[in-house]
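Just follow the structure's listing: the first ligand is 1, and inside any ligand the first atom is 1. None of these values were measured; they are calculated from a predicted model. Along the sequence shown, the residues carry numbers beginning at 1.
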Amino acid sequence: MISLQIVNFLEHQEAIQSVRLSVFTVEQGVDPALDLDGLDGTAYQILVLDNDKPVATGRMLADGHIGRIAVLPEYRKLGIGSRIMDRFISQARSDNLTKVFLGAQVSAVPFYETLGFRRYGEDYMEANIRHTPMQLMLDI
Ligand SMILES: CC(C)(COP(=O)(O)OP(=O)(O)OC[C@H]1O[C@@H](n2cnc3c(N)ncnc32)[C@H](O)[C@@H]1OP(=O)(O)O)[C@@H](O)C(=O)NCCC(=O)NCCS
């Protein structure tokens, strides 16, 4: 059974980082040193489990900056990424934020477009991957 929850980072750090490591470091070759930026403790963290197995994660900072969205390959295209994003968007609305935003890896731009995000700036390089700034304005 798939469950999705907002969790405390310190309590679930190992599970969250196992998914990030698998997707960003092993699959995409991102330097693991870039993962820990000191902001995780302040963020809303989502952990998705398949029974007890961590299969997806993501985070949103208090200003609506979404990041670290990762779904294990065998769990993609099942709607899990969209569920994570919908949960963050609901949280942002509850917090009276006017927008949510992120830096999308170019390969993930169509995914965010299906959720209503639009590009708003120039592409940039981060961790050797081209990123596109995208945002979703929230009608409150
Ligand atoms: C991008 C990612 C989070 C999407 O998660 P997911 O669980 O597969 O997404 P969903 O199943 O909710 O897909 C939602 C929609 O986006 C589409 N979509 C998902 N990934 C896509 C992609 N890479 N390219 C084009 N469309 C995509 C799906 O087909 C679906 O469309 P539909 O509603 O018309 O069927 C996942 O592929 C992933 O973890 N990728 C590797 C890490 C990564 O790139 N993270 C983003 C960093 S910015």
Would you indicate whether [X], at its atom [atom1], is surrounded by more than 12 heavy atoms from other residues, nucleotides or ligands within a distance under 6.0 Å?
{"X": "N8", "atom1": "CG", "answer": "yes"}
{"X": "D52", "atom1": "CG", "answer": "no"}
{"X": "E74", "atom1": "CD", "answer": "yes"}
{"X": "Q28", "atom1": "CD", "answer": "yes"}

Quiz item: So which heavy atom on L97 is nearest to which on L138, and how close?
Solution: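 Smallest heavy-atom distance, with atoms named: O-CD1, 3.5 Å.
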
Quiz prompt | Shortest non-hydrogen contact from D63 toward H65 | solution =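 Smallest interatomic distance, heavy atoms only, reads OD1-N, 3.1 Å.
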
[atom]: nearest protein contact (heavy atom, Å):
{"atom": "atom 45 (N) of ligand 1", "result": "I69 O, 2.8 Å"}
{"atom": "atom 44 (O) of ligand 1", "result": "Q105 OE1, 3.4 Å"}
{"atom": "atom 9 (O) of ligand 1", "result": "F111 CE1, 3.4 Å"}

Quiz item: Does a side-chain heavy-atom distance below 4.5 Å link I69 with F88?
Solution: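 Of all side-chain heavy-atom pairs linking F88 with I69, at least one is under 4.5 Å.
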
Quiz item: Which atoms from ligand 1 have a heavy atom of A70 less than 4.0 Å away?
Solution: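 Contacts of ligand 1 toward A70, numbered from 1: 39 (O).
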
Quiz prompt | Atom indices of ligand 1, in the order listed, that fall short of 4.0 Å to a heavy atom of G79 | solution =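 Going through ligand 1 atom by atom, the ones under 4.0 Å from G79 are 10 (P), 11 (O), 12 (O).
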
Under 4.0 Å from [atom], do we find at least one protein heavy atom?
{"atom": "atom 34 (O) of ligand 1", "answer": "no"}
{"atom": "atom 25 (C) of ligand 1", "answer": "yes"}
{"atom": "atom 12 (O) of ligand 1", "answer": "yes"}

Of the backbone atoms (N, CA, C, O) and the side-chain heavy atoms from C-beta on, which set of [X] has a member under 4.0 Å from an atom of ligand 1: side chain, backbone, both, or neither?
{"X": "L115", "result": "neither"}
{"X": "T114", "result": "side chain"}
{"X": "V71", "result": "both"}

Quiz item: Among side-chain atoms of Q135 and Y120, is any donor-acceptor pair under 3.5 angstrom?
Solution: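 Distance-only check fails for Q135 and Y120.
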
Options [options], ranked by nearest heavy atom to [atom], top entry:
{"atom": "atom 10 (P) of ligand 1", "options": "A104, G67, S82, S107", "result": "S82"}
{"atom": "atom 20 (N) of ligand 1", "options": "R83, K77, R76", "result": "K77"}
{"atom": "atom 7 (O) of ligand 1", "options": "P110, P73, G81", "result": "G81"}

Practice problem: Linking directly or through intermediates, with side-chain heavy atoms under 4.5 Å: list the remaining ILVMFWY members grouped with M137, chain and number order. | Solution: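 Besides M137, the cluster holds no residue at all.
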
Quiz item: Under 3.5 Å, is there a donor-acceptor pair between the side chain of T57 and the main chain of A70?
Solution: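 Not confirmed, T57 side chain does not pair with A70 backbone.
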
Quiz item: Does L78 reach ligand 1 with a nitrogen or oxygen that is under 3.5 Å from one of the ligand's nitrogen or oxygen atoms?
Solution: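 Between L78 and ligand 1 (N or O atoms, distance only) the closest approach is under 3.5 Å.
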
Quiz item: Are any of the N/O atoms in V23 less than 3.5 Å from those in ligand 1?
Solution: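 Among all N and O atoms of V23, none is under 3.5 Å from an N or O of ligand 1.
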
Quiz item: So is Q28 in contact with ligand 1, going by heavy-atom distances below 4.0 Å?
Solution: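 The answer is yes: ligand 1 sits under 4.0 Å from a heavy atom of Q28.
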
Practice problem: Please verify whether a non-hydrogen atom of G103 lies at under 4.0 Å from ligand 1. | Solution: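 Judged by the 4.0 Å heavy-atom criterion, G103 does count as contacting ligand 1.
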
Practice problem: Could you tell me whether D35 and R68 have a side-chain N and a carboxylate O separated by less than 4.0 Å? | Solution: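 Answer for the salt bridge query: yes.
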
